[in-house]
Structure formats: C-alpha cells, structure tokens
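Naming: A, B, ... by sequence-line order, numbering from 1 per chain. Given the structure is predicted, the values throughout are model-derived calculations rather than measurements.
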Number of protein chains: 2
Amino acid sequence: MGEIQRPGALYQQVAAEIRSGISTGEYTPGAPLPSEAQLIDRYRVSRPTVRKAIAALRAEGLIEVIHGKGSYVRAVPAPAVTIERTITRSGKTFRTGHHQWQQAEAPTVYRTTTTATTGPLLELAEGEALFAVDRLLTDPDTETRALHRILIPFATADQVKQLAEAPDTEPEQIYALLTKAGHTLTWHETVSARMPLPDERTALHTPDATPIIHTTRTTHGNDQHPLILEELRAGADRTQLAYHITADSPRTLHTV
Amino acid sequence: MGEIQRPGALYQQVAAEIRSGISTGEYTPGAPLPSEAQLIDRYRVSRPTVRKAIAALRAEGLIEVIHGKGSYVRAVPAPAVTIERTITRSGKTFRTGHHQWQQAEAPTVYRTTTTATTGPLLELAEGEALFAVDRLLTDPDTETRALHRILIPFATADQVKQLAEAPDTEPEQIYALLTKAGHTLTWHETVSARMPLPDERTALHTPDATPIIHTTRTTHGNDQHPLILEELRAGADRTQLAYHITADSPRTLHTV
DNA sequence: ACTCTCAACTCGTAAGTACGAGTGACGTCA
DNA sequence: TGACGTCACTCGTACTTACGAGTTGAGAGT
C-alpha cells in the first residue's frame, strides 16, 4: 500500500488514510492500529509525521492511545446513559427508560454568592447569598459520572423552611416541597457543550477529546420568578439527553 | 523570567506557565501571546517544545493561532445563538427569543437508505429507502452556522403526497402537512455532543477544540410510529439549546 | 501621492536523531 | 512451581535543521 496521494499536508493525508481505514472497517472498534513503526514503513514518512497524524485522530476522538501498548480504535460512543426529560400533556404522564443516578459521596453543602453567570439566571443582583449543594452522581452499571449542583437563593429558603434547615434535601423531593409551598412549577433548561476544565476531566473520568454536556435549569414558581438553579455536567462520551415532547399544535414546536 | 520549575513534561510546564499568565491577566483576551521565537528565548526550550505547549493550549480552547500573525488569547465564548424549543401546556403557547435561521444555499435532496443508526430510530429495517434533505443554515447576524438534515421514509411520503413530490418542502411547513394528514404529533429529541469530523469543521467554521452539539429528533404520528427523522448539528461555541417546559405536576419532570 | 516590490516577521510542515518510560512475554534461577 | 529479571516492543519527550507559506510594513519607483 505504498505512498499516498491526497491533498494537503502529509500528516493530514496519513490521518485521512487511517480515518478511511476506520470507516471501511479495516480497523474495527477496539482493534489496534498499526504501531508507529509500521505506519512509518507503510506510508514512507518520518515518525514526527506519523505522530502528528495520530495526534489529529486523538483530537477527533476517533482513537485512543495507551503508552507502551498501542493505538486503538475507539468504540462508537453509544451513550451509556440517557438522561430523560419527560414532558406531558394535560395530566397524562408517561416515562420511558428512566435512568436513576446514585450519589457516590455525601453531598457538599456550602454557602456562596451569585456570580455574573448565575445572578441573571436567578434574576438576582451579583453577590446575593445562596446555599449550594454539590453532588457527584454515578450510574453503577456503566460507571458513568455526572456533577450536579443546586443553588438555592436565601429568598427561596425563607419560603420553604425545610430547604433552609436541610439544603441537602434529596433533589427528588425539592420539586415536591416547592409545590407543597403553593407553587405551580415551570422550567427553563439550556444545554451547551464545551471541553472540560482539568478538574472536571478528573472528576468525570472523561477520555481525551471528549466534551462535556452542560445543562442549566431554572425552576420558576407562581410569579415566574426563579426559585432554584440546577447545573448538571456529564461526559458527552457516555451521556446524552432525551426530550419527549407532546404538544397541542404543531406550531408550538419550532422546526429546525 | 528564565527557566521553569514545574512538575511534568517540559512542554506541559511551558503550557502551565502561559496558562497562569492568562489567568493572572498578563495576557488578556484578544491580546497576542509572545511569538514562538520569544517563548524559545524566554523559557530556554526548543521550538518543537514551544509548539507542543501552544498545541496543548489550542486543544483546551484557550488560545487561537493565526498563521503569519501570532497566537491570541481567546475571549470566553458567550453563545451567540440559542435554539429554542418551546413546549406548552394545554393550548397556551408562548415563545421567547425566537431565533430564525436562513438557508445559505439551495437544499441538497437525495435518496439514501436507513443505516444501523437511523434504522432503529425510524423503526425500520436497515436498508429501507429514504428521501434525504440536507441544508446549511446560517444566522446572518452572528455568522453562526448549522447543518440540518431531514430523513423521510417512503412510507411517510406515500401518506403525504406533497412530501413525495417535493421532499425539500420548507421544514417549517412539514409539521403542518403531517397534521393536515390527520396526525397528532409528538416528538422525541436527543441531544449529544462530540468533536467534529473534518468536513463538519469545514462546514460549520468551528475553531479548534470546540465540540458540536448534535440533536436528533423523531416526529411521531397517531400510532406512535416515527414519521420523519431530523438531525441538527451546530458548533457548541456559538450555539446552545433552550427548553422551556410547563408541566402539570412536579412528578412529570425528573429531578437531576 | 500612490503603487508595487521586497524583506522581515509570523506560524506550518517535515526530516533525522536520541533517549526515557510503560507493558508484556519469555526465560532463568531459586 | 513460582518469583524475578531481562529484553523487545510500544509510545512520550526533546533537540536540531530546513524550508514553505501567510502577513505586514517600509522603501523604491512611478
């Protein structure tokens, strides 16, 4: 299979060659790629060039490299965990494939203040006092991890005494408490993705070149004012979000 | 500022040095880093070492490098576009911050077949015939781009004649057509994130080290059978998804 | 005053060489 | 038989040298 004939930089050509080898099934998920030395022979290029090609494939998340062993084709990341958001129409509830997190450690409870990011979301000025609860969640079956944070403004804790006394109330019960306090709840949730910071990589055990999914949810009460703010961060290699939506007219869900 | 004294590989030490320079404000967003030659002098290392350090910072999304000019500290990317999904309760519709895409080019219409990925989502066997419509969408204000794909099984096109005649019907009208054909629609939407493939990077103009958000939506008709499948891919640096949810009881939205 | 060319700067690619460090298998020795 | 060490193989880091290619500004020429 001698030299190569493709456009662009040499290392890009080698990378493209390997890439197509993966897509044609020459290299199957889990299988090792040829070693650097073999790739050097195969494509008649220098070692730095081979290594740049491999680095490019790593950055794309296509392969995984283990020091002393070799490079392996990464399995297509079929998400191990699907986080479900089920929205119902007019009282009829249905849930599919509900996934249950477990708490790996005791929650971390502390006090903090609103920042330039969290303040506007809670419709509070910067520097307002909050309770914060951090949890490391795990799915024992798949070893999947997620970071969950709840921010509770003092104003909300004043309304719901139990939140002031025990901010680390199980997340499952908080919505019930807010409802019990007389609120009809609505939620605003945003989903974004980015590369993890070093400490997030450590906590979530994400491999190279895998982004994290970051969701931010505000829960609103009767006066449409935000009551609490939740953040969920999870590795995108193992986690996806699912939304099940029933609407009353096709105009209520935007196309595209 | 001579040599360096930090743990780990040399290039990691240089990268950490520059990283802390960014966080201390020595290098502010938009400002140029010292040139490679200057960094070589400053830290007394070779050019490959400096370049590896710079490559690491690029992979983290911290800096941007322009050929022939220099390396620049990247500004924190506030998403320019929010894609809204508005779910309503019992007939009352409300929309906030609606964002409108424009089509950059004529849609690409072609025929294809179900794959191992798309087959199960459409509840069809592998190899079933489909219409496919690819669109490159842009937001002219922010130069944000997105890739949209609609897959229409022949069975659905048979039910709705206009889809068979013109699969490239505007996406905004497809839901209306399906409703007109007698369907009450529900949607299942999943959100995942991953690093872009080279052709996606080209099409979406994403900078280094920015993932893409990938959403997959199936539209279901009266018998809960999938009618069409839509995919939307957008750069996570400029795009986030927002879900506005009104439910009837707190038990209908899962905590966490 | 304007335009064009060129030189000097920037980063990008490619080669060659050397050595360090992790992994696993084989063989020796107790 | 079992434990250990060695060796061959893998990838990781680092230096040197060389040239290509994009960007910019200064200077010469018109």
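Going from atom CD1 of Ile63(A) over to atom P of dT10(D) covers 15 Å, rounded to whole Å. The CG atom of Leu39(A) sits 17 Å away from the C1' atom of dA15(C) (whole-angstrom rounding).
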Side chains of residues 116-123 of chain B: which donor-acceptor pairs under 3.5 Å do they make with residues two or more places apart or in other chains?
residue   : atom : partner   : partner atom : Å
Thr118(B) : OG1  : Thr115(B) : N            : 2.8
Thr118(B) : OG1  : Thr115(B) : OG1          : 3.1
Glu123(B) : OE1  : His225(B) : ND1          : 3.4

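Ionic pairing of Glu60(A) and Arg19(A) is present here: one or more N-O contacts between side-chain nitrogen and carboxylate oxygen are shorter than 4.0 angstrom.
Residues Ala193(B) and Ala193(A) approach most closely at CB-CB, 3.5 Å, considering heavy atoms.
Put simply, the side chain of Arg135(A) reaches to within 4.5 Å of the side chain of Asp168(A), judged on heavy atoms.
By the side-chain contact (heavy atoms from CB on, under 4.5 Å) test, Asp41(B) is found to be paired with no residue, residues two or more places apart in sequence or in another chain being considered.
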In B/S/- notation, 5' to 3', how is nucleotides 8-14 of chain C contacted by protein heavy atoms closer than 4.0 Å? --BBBBS
